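Below is one structure, written out as structure tokens, with a few remarks after it.
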There are 2 protein chains.
Amino acid sequence: MAVEIVYRSSRDPERLFMDKAEADRHDKMLELAELLSDVLRQAVPSINEAQAEEAGIYMARHRDLFAKAFKSSPDVLATLLEEEPA
Amino acid sequence: MAVEIVYRSSRDPERLFMDKAEADRHDKMLELAELLSDVLRQAVPSINEAQAEEAGIYMARHRDLFAKAFKSSPDVLATLLEEEPA
């Protein structure tokens, strides 16, 4: 038996990480996802909370790609459409 | 009476512009909106077509802000939340 350090994001306390950097990435992803989801719910009031959350997390997970699409290259989003549906 | 030039995006033929640059901006906005909407429908299958289109257009209209949010500063999205609901 031994005591060990684990890390978690306060936004998702159930998920534990052995690696602090990984916990940090998870926290940053969730921060973006939450804001996206709030904005979507305001912009499209008929979307429900679960749908907005799912969309937010999806976009936050593909953050680099969306950054590129919004900045200059919408076409990069096509690579997501070619992926197998999750 | 006179013949005059008007411009339109083939993605939205009903909307006519006197200014080519403006028509071009509208076309680029719609290009991004369409891709976003396709990606959202694939990512969140329970969202319907109208909702996905509304979300895509909203994000494309705020393209610069989303570019910044995805690149480095999620917080800028908070400015959208402070806006009056449309």
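Note on naming: letters A, B, ... go to the chains in the order of the sequence lines (proteins, then strands), and numbering restarts at 1 for each one. These numbers were taken from a predicted model, which means no experiment stands behind them.
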Enclosure of B:Arg8 CZ (heavy-atom neighbours >12, cutoff 6.0 Å): no
More than 12 heavy atoms of other groups within 6.0 Å of A:Glu54 CD: yes
Under 4.5 Å from any heavy atom of chain B - which part of A:Asp75: both
B:Asp38 side chain near A:Leu77 side chain, heavy-atom distance below 4.5 Å: no
Whether B:Gln42 side chain and A:Leu80 backbone form a donor-acceptor pair below 3.5 Å: yes
In one Ile/Leu/Val/Met/Phe/Trp/Tyr side-chain cluster, 4.5 Å: B:Phe17, B:Val6: no
ILVMFWY network linking A:Val39 to A:Leu30, side-chain heavy atoms under 4.5 angstrom: no
Interface residue of largest heavy-atom contact number with chain B, from A:Ser46, A:Ala60, A:Pro45, A:Ala50, under 4.5 Å: A:Ser46
Path from A:Leu65 to B:Met59 over hydrophobic side-chain contacts below 4.5 Å: yes
Minimum heavy-atom distance B:Ala55-A:Leu40, with the two atoms named: CB-CD2, 3.8 Å
Any A:Leu36 side-chain heavy atom under 4.5 Å of B:Phe66 side chain: yes
Atom group of B:Leu35 that falls short of 4.5 Å from chain A, counting heavy atoms: both
Closest non-hydrogen atom pair, B:Ile47 against A:Gln51: N-NE2, 3.8 Å
Single-linkage hydrophobic cluster, 4.5 Å side-chain cutoff, B:Val44 and A:Val44 together: yes
Heavy-atom contact with chain B under 4.5 Å, split by part of A:Leu32: both
Partner of A:Pro74 under side-chain contact (heavy atoms from CB on, under 4.5 Å), chosen from B:Met29, B:Glu34, B:Arg63: B:Arg63
Test side chain to side chain contact (heavy atoms under 4.5 Å, CB included) applied to B:Phe70 and A:Lys71, step by step: CA-CA 9 Å; B:Phe70 279 102; A:Lys71 191 181 173 210; over 6 Å; no
